[in-house]
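Just so we're clear, the structure is a prediction, and the values are computed from it rather than from any experiment. We're numbering straight along the sequence, starting at 1.
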Amino acid sequence: MLKNTLLFGLFLAMISCGGSGDAPATSQAEPVRIPDDFLTFYKEFHSDSSFQLAHISWPLRGEARIDSTSRGEIQWEKEQWKIHRRVDFEKGEYKQELQMVGDVIVVERIRTSMGNFGLERRFAKQSDGSWELIFYSDMHEIQ
């Protein structure tokens, strides 16, 4: 219960914060430094499927397309999860934005370069120092 309350409070803080973080595609004048331990985690998260599954808060809260015209809240289940692989941002097909919220939340937004479509993931640092994916919104049109 305490974990859910803390995550909800952090979520509210995140919504009220603006700007972007330290990332290849950022335009912020003073980039926020993404912790080295997160960058190490991020690399392993995308290269080891067992590690990825072990570092997701199941059931994973998020948003997904419900039908061709609407989106809604969802809880992603481990059994239906499609492993996320590393995106090569150097090719220019996608742009990444990372944002720090306090010291414990990293928000990642990945957008297509050719249109207004993207996804969002939120990662949280746990009390034991490890990182977990705590929210995932699949590909959708960004207003």
What I'd like to find out is whether the side chain of [X] reaches to under 4.5 Å of the side chain of [Y], using heavy atoms alone.
X    : Y    : result
I134 : I105 : yes
W131 : V106 : yes
V107 : L98  : no

Between the side chain of [X] and the main-chain N/O of [Y], is any donor-acceptor distance below 3.5 Å?
X    : Y   : value
S70  : I66 : no
S57  : L60 : no
H140 : R71 : no
H55  : L53 : no
S113 : G92 : yes

For D103, side chain to side chain contact (heavy atoms under 4.5 Å, CB included) partners two or more places apart: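 Partners of D103 under the side chain to side chain contact (heavy atoms under 4.5 Å, CB included) test: none.
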Applying side chain to side chain contact (heavy atoms under 4.5 Å, CB included), name anything that partners S127, two or more places apart in sequence or on another chain.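 Scan of S127 (side chain to side chain contact (heavy atoms under 4.5 Å, CB included), adjacent residues dropped) gives none.
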Can you name the side-chain hydrogen bond (donor to acceptor under 3.5 Å, both in side chains) partners of [X], sequence neighbours left out?
X    : answer
R65  : none
D48  : none
S130 : D128
D88  : none

Once ring pair (Phe, Tyr, Trp, His ring centres under 6.0 Å) is applied, what residue pairs with a partner in residues 108-127 remain, sequence neighbours excluded?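 Residue pairs with at least one partner in residues 108-127: F38-F123, F41-F123, F45-F123.
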To the nearest 0.5 angstrom, please state how far the [atom1] atom of [X] sits from the [atom2] atom of [Y].
X    : Y    : atom1 : atom2 : result
K125 : E132 : NZ    : CD    : 13.0 Å
I83  : S47  : CD1   : OG    : 11.5 Å
R61  : F135 : CZ    : CZ    : 7.0 Å
Y136 : E108 : OH    : CD    : 10.5 Å

How far apart are the C-alpha atoms of Q99 and R109, what are their side-chain angles, what is the distance that settles it, and do they pass the side chain to side chain donor-acceptor pair (under 3.5 Å) test? CA-CA 9 Å; Q99 173 186 5; R109 292 179 190 89; 3.2 Å; yes
Salt-bridge present (E120, R122; N to O < 4.0 Å):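 Yes, this pair counts.
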Which is it for L119 and D138 under the side-chain contact (heavy atoms from CB on, under 4.5 Å) test, yes or no, and what are the steps along the way? CA-CA 5 Å; L119 61 85; D138 67 358; 5.7 Å; no
Side chain to side chain donor-acceptor pair (under 3.5 Å) contacts in which one or both residues fall within residues 75-85, not counting sequence neighbours: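 Residue pairs with at least one partner in residues 75-85: Q52-W81, H84-R121.
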